[in-house]
Amino acid sequence: MHNSGHQAITKASQTSSNPIQSKPMTLFLSLPQLSAQNIHIHTHTHHHRSIRLKLQASLPLSSNPPQSNQSSSYSKTGVIVIGAGLAGLAAATHLNSQNIPFLLLEASDAVGGRVRTDYLDGFLLDRGFQIFITAYPEAQKLLNYQALNLQKFYSGAQVYYDGKLHTVANPLRHFWDSLNSLQNPIGSLLDKLLIASNIIRVLTKSDEEIITSNEIPTIDLLRKTGFSDSIVGRFFRPFFGGIFFDKELETSSRLFDFIFKCLALGDNALPANGIAAIPQQLGDKLPPGSILFNSKVVSIDFDGSESESPPSLRLENGDVLRSELGVIVAVEEPEALKLLRETKPNPKPVRTTVCLYFSADRTQVPVREPVLFLNGSGKGIVNNMFFATNVAPSYGPPDKALISVSLIGMFEDMSDDDLTAEVVQELSGWFGEPILRLWRHLRTYRIGYAQPNQCPPTDLMKNPRVGSGVYVCGDYLTSATFDGALVSGRRAVEALLRDRVSTSVS
């Protein structure tokens with residue numbers, strides 16, 4: 001739900017208005033040798049050191065780098081970041097704030113990775129169901145929320161169960177709605193009191209305590225807490241199953257607690273210009289020319305004679321780039337393992353999803369509230385859905401509504417047409433067949449990598465250093481959330497800076 005994948009079955013034009021040129025170019029950066037006087041270390045009393053590298057690069061960029069024997073261009077640069085998803089953009093942002101020269105390589109035509117938005121007939125189609133939680137702590141430091149013009153969801157949900165829709169409300173935000181829903185069949189009175197006590201439990205823990213606490217599968221935590229089977233099946237399974245793309249709720253309790261805390265403190269929201277506005281904002285703040293689009297890295301090569309020096313990178317077009325300070329690999333885990341020539345024993349199956357979009361006349365929409373609908377019936381293939389234009393009117397033309405429907409899994413045995421027909425039939429039971437007859441199918445996204453699998457055991461504080469001068473980042477190393485991706489980008493830069501300091505001072 002929060003970090004959907006990017007392999008769409010359809011190709012569409014982008015909403016991207018990035019002023020950074022997307023034409024591949026080769027950069028040549030001449031860097032001074034690092035020496036002790038280039039490095040300034042500020043020590044603080046909070047048990048950690050803030051390290052700042054002050055580098056003067058000769059930044060007139062030469063477009064004619066030396067040629068190698070293979071007739072492919074060869075150039076040196078400061079730090080090379082592979083992948084302009086949220087993790088790579090966060091890494092580039094931190095490098096830029098430290099005045100460290102960098103080059104950000106992106107295989108596609110725009111920033112965002114899995115966080116992309118397509119523009120179709122006046123509609124904004126996020127690639128998969130993705131929601132941004134305003135209380136994400138790292139995001140609050142890096143993003144300008146006002147500029148994103150965040151449009152908020154109702155803090156709760158409508159749950160479809162036993163042929164009717166029932167309200168579940170966040171008691172901190174909608175106290176009276178919460179009181180009125182005490183008698184509904186989505187869990188007992190005790191369940192609703194347990195939700196309130198669970199909010200208090202997570203609010204008394206720091207994020208670090210949560211991320212490093214003992215872990216069990218989320219389903220075991222819910223049962224251990226005392227929640228009834230009815231609220232687990234009717235609310236937690238579709239709600240958190242939609243966040244984790246995991247209907248069985250086998251995802252680590254660490255992730256559940258972190259998201260539960262963020263939901264208690266903040267709002268679910270969408271940027272007015274689509275989910276892609278989040279990476280776009282980060283990309284727009286980077287120096288012009290620092291991102292190379294359509295630049296796929298095919299190999300990372302270490303020079304055997306200088307094992308301590310950072311590796312060189314070969315691009316699909318034959319260009320070779322060498323980093324002088326380090327390489328940060330900010331791609332999805334399967335791609336990172338390929339580039340690093342590593343294998344993972346018994347890899348967990350990744351999380352997958354299908355997202356379908358429909359349009360209708362705004363006058364035909366059965367509800368006006370910006371609310372998320374959950375399938376609590378235990379039947380059917382729809383997990384959750386919402387009227388996107390109720391949340392953010394800018395997601396569609398003035399007279400049209402946009403409807404987003406999310407399924408968990410890939411449904412590889414069903415064609416797009418059959419999937420669409422089944423979804424329409426199922427939702428006819430929710431809202432009535434006459435309403436659904438007026439819906440027009442816009443697009444289906446089948447997303448083969450929506451999220452990494454974060455079932456226990458997890459190590460959400462893993463060292464990003466994977467080799468001499470090579471660091472990894474991505475949501476698979478921290479929490480599988482927007483925030484986790486941003487944190488991992490910062491951590492990779494911090495690890496690189498620590499290593500540069502220790503090698504230069506020693």
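Note that the structure is a prediction, hence the values are computed from the model and not measured. We're numbering straight along the sequence, starting at 1.
- Side-chain contact of Tyr445 with Asp118: a donor-acceptor pair under 3.5 Å is present, judged by distance alone.
- Scanning all heavy atoms of the two residues, the minimum distance from Ala90 to Leu486 falls at CB-O, 3.5 Å.
- The shortest side-chain heavy-atom distance between Ile381 and Leu419 falls under the 4.5 Å cut-off.
- With sequence neighbours excluded, no residue forms a ring-ring contact (aromatic ring centres under 6.0 Å, His included) with Phe411.
- The shortest side-chain heavy-atom distance between Tyr449 and Thr352 does not fall under the 4.5 Å cut-off.
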Show your working on side chain to side chain contact (heavy atoms under 4.5 Å, CB included) between Phe132 and Tyr145 and close with a plain yes or no.
CA-CA 11 Å; Phe132 180 74; Tyr145 282 14; 3.4 Å; yes
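- Of the charged side-chain nitrogens involved, none lies within less than 4.0 Å of a carboxylate oxygen, so that Glu426 and Lys379 do not count as a salt-bridged pair.
- Of the inter-residue distances, the one linking Asp207 atom CG with Glu138 atom CD reads 10.0 Å to the nearest 0.5 angstrom.
- Of the charged side-chain nitrogens involved, none lies within less than 4.0 Å of a carboxylate oxygen, so that Arg114 and Asp126 do not count as a salt-bridged pair.
- Among residue pairs with one or both ends in residues 222-247, those qualifying as salt bridge (charged side-chain N to carboxylate O under 4.0 Å, His left out) are Asp246-Arg351; sequence neighbours excluded.
- Without hydrogens or angle criteria, Thr389 side chain to Leu402 main chain gives a donor-acceptor distance under 3.5 Å.
- Distance OG/Ser404 to CE/Met385: 8.0 Å, rounded to 0.5 Å.
- Using a 4.0 Å cut-off between charged side-chain N and carboxylate O, Glu209 and Arg254 make no salt bridge.
- Lys261 and Asn198 are not linked by any side-chain donor-acceptor pair at a separation below 3.5 angstrom, with hydrogens and angles left out of the test.
- Shown here is Lys285, whose NZ atom has more than 12 heavy atoms of other residues, nucleotides or ligands within 6.0 Å.
- By the side chain to side chain contact (heavy atoms under 4.5 Å, CB included) test, Asn390 pairs with Val365, Val367, Phe387, sequence neighbours left out.
- Thr167 and Gln158 are linked by a side-chain donor-acceptor pair at a separation below 3.5 angstrom, with hydrogens and angles left out of the test.
- In Lys400, the NZ atom is crowded: over 12 heavy atoms of neighbouring residues, nucleotides or ligands sit closer than 6.0 Å.
- Contact check for Phe236 versus Ile195: side-chain heavy atoms found under the 4.5 Å cut-off.
- From Lys205, atom NZ reaches atom OG1 of Thr212 across 9.0 Å, with rounding to the nearest 0.5 Å.
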Residues Glu335, Lys296; criterion salt bridge (charged side-chain N to carboxylate O under 4.0 Å, His left out); working and verdict
CA-CA 11 Å; Glu335 188 61 25; Lys296 184 174 171 61; 3.5 Å; yes
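- Ser252 places no side-chain N or O within 3.5 Å of a backbone atom of Cys455 that could act as its donor or acceptor partner.
- Aromatic rings of Phe129 and Phe386 (six-membered ring for Trp) have centroids within the 6.0 Å cut-off, being under it.
- A donor-acceptor pair shorter than 3.5 Å can be found between the side chains of Asn375 and Ser377.
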Checking side chain to side chain contact (heavy atoms under 4.5 Å, CB included) for the pair Leu263/Phe260: CA distance, chi angles, key distance, verdict?
CA-CA 5 Å; Leu263 288 168; Phe260 204 86; 5.5 Å; no
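- Looking only at side-chain heavy atoms (C-beta outward), Gln364 and Trp439 stay at 4.5 Å or farther from each other.
- Between the side chains of Ser206 and Glu208, no donor-acceptor pair is found at a separation under 3.5 Å.
- Residues Phe244 and Leu255 form a side-chain contact, since some pair of their non-hydrogen atoms from C-beta on lies under 4.5 Å apart.
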Phe123 and Ser359: side chain to side chain contact (heavy atoms under 4.5 Å, CB included), yes or no, with the steps?
CA-CA 9 Å; Phe123 293 97; Ser359 72; 3.4 Å; yes
Walk me through it: do Gln151 and Asp267 pass the test side chain to side chain contact (heavy atoms under 4.5 Å, CB included)?
CA-CA 9 Å; Gln151 310 289 301; Asp267 291 291; over 6 Å; no
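- The environment of Asp399 atom CG is dense: over 12 non-hydrogen atoms of other residues, nucleotides or ligands sit within 6.0 angstrom.
- Summarising the geometry of Gln454 relative to Thr478, their closest heavy-atom pair is NE2-O, 2.9 Å, with the distance given to 0.1 Å.
- Defined by atom type and a distance below 3.5 Å, a donor-acceptor pair is present between the side-chain atoms of Asp191 and Ser228.
- With hydrogens and angles left out, the side-chain atoms of Glu250 and Thr218 include no donor and acceptor closer than 3.5 Å.
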